[in-house]
Amino acid sequence: RNCRTTRRRRRRRGRGDPHIRSLDGKPASDTSFVGDVVLSKTKSSSGVSPSFEVQARTIAASKTKGGTMFSAVAFKHTGAKFEAYCSSGHSYSFKHNGESTTVKDGKKTPIVNSDGNSEFTVTKNGKMVVIKEAGGITVTTGCEANGALTVILELPGKYKGKVEGVLGNYNDNKNDDDSKFVDNEADTSLFSEDEPTTPAGWKSDYQPTDAEKSAATAVCKRAGLTVEADIAFCAEDVALTGDETWASILKASEEED
């Protein structure tokens, strides 16, 4: 679900509350971690070049209930860093090496360092942004209406077995992937902006009632979701957060697949 695998590269997505699938195909979900998490980075002992790190920021997805969601992504490649922040209304803001930068809609924008070299190209089309480096590492994001960020990572085959993070070690064995967010919390954040304050009423251990679960399932089915796994994911998101927007977001994603 929400992934495409080829012989030369692998693509995996994280979205929602957040629901992820590792590079080797292990599904996971985390509804209580707030902070900056390593999605994937080269192991210090890997010897592969160029090195990279991709982090995602998770924030509270409601003010009075529970759930979390991705709100930003940071991509560090060699000596350069690019950040994308999502806010409600499909609105983006971007930073390059800690400084605000502009990415025009519908155009491919080279992100140039002070030495004149371009580490990234960034292409924005509406809510979708593609951040790519020359060697083929690609981070694609989708900024949703409620401020949630979908993140898709594509890695070339040379990184197999040489990475670590929430998205696993990319060794064709999903059973040894550690996809727990708390185990992959970033030691050093790549984000220039401070973490937003978590609402006082948000509950990391919020448990929806049976009535809330039943109502959420009905919302997701009315949105047109048909895949049972997607209905279950949708119902979890809606019940945890009280935000019915998740139903339309997940329906659009189902149609993309």
Residue pair N146 / S88, side-chain heavy-atom distance below 4.5 Å: no

D194, CG: over 12 other non-hydrogen atoms inside 6.0 angstrom: no

Disulfide bond (SG atoms under 2.5 Å apart) contacts in which one or both residues fall within residues 135-185, not counting sequence neighbours: C86-C143

Evaluation steps, salt bridge (charged side-chain N to carboxylate O under 4.0 Å, His left out), between D172 and K160: CA-CA 8 Å; D172 294 327; K160 291 188 69 170; 2.5 Å; yes

Within one Ile-Leu-Val-Met-Phe-Trp-Tyr cluster: I111 and I137, side-chain cutoff 4.5 Å: yes

Joint hydrophobic cluster, L149 plus F120, side-chain heavy atoms closer than 4.5 Å: yes

Working for side-chain contact (heavy atoms from CB on, under 4.5 Å), residues T68 and W202: CA-CA 10 Å; T68 58; W202 178 78; 3.6 Å; yes

No-hydrogen, no-angle side-chain donor-acceptor test under 3.5 Å, E164 and S40: no

Check: D176/N171 side-chain N/O donor and acceptor closer than 3.5 Å: yes

Smallest separation among heavy atoms of K81 and S192, with atom names: NZ-OG, 3.7 Å

Heavy-atom closest pair, residues K162 and V48: CD-CB, 3.8 Å

Flag side-chain contact, heavy atom, 4.5 Å: I231 against T217: yes

Minimum-distance pair of heavy atoms, taken over all atoms of V122 and F82: CG2-CZ, 3.7 Å

Exercise: identify the closest heavy-atom pair between A60 and V34: N-CG2, 4.2 Å

D36 and S189: side chain donor to acceptor below 3.5 Å: yes

Other residues, nucleotides, ligands: >12 heavy atoms within 6.0 Å of K174 NZ: no

Pairs satisfying salt bridge (Lys or Arg N to Asp or Glu O under 4.0 Å), at least one member in residues 197-221, at least two apart: K65-E212

Residue pair S22 / S179: nearest heavy atoms and the distance that separates them: CB-OG, 4.3 Å

Residue pair L23 / G168: nearest heavy atoms and the distance that separates them: CD1-O, 4.4 Å

Where at least one partner belongs to residues 40-82, residue pairs that pass disulfide bond (SG atoms under 2.5 Å apart), sequence neighbours excluded: none

Cluster check V54, F33: I/L/V/M/F/W/Y, side chain < 4.5 angstrom: yes

F52 ring center within less than 6.0 Å of H77 ring center: no

Pair T245, D243: side-chain N/O donor-acceptor within cut-off below 3.5 Å: yes

R57 NZ/CZ over F191 ring centroid, <6.0 Å and within 45° of normal: yes

Side-chain heavy-atom pair D24, N169 within 4.5 angstrom cut-off: yes

Note, I20 side chain near F181 side chain (heavy atom, < 4.5 Å): yes

Close aromatic pair by centroid cut-off 6.0 Å: Y92 and Y85: no

Test item: side-chain donor near acceptor, H19 and D237, under 3.5 Å: yes

Close side-chain approach of E83 to L190, heavy-atom, < 4.5 Å: no

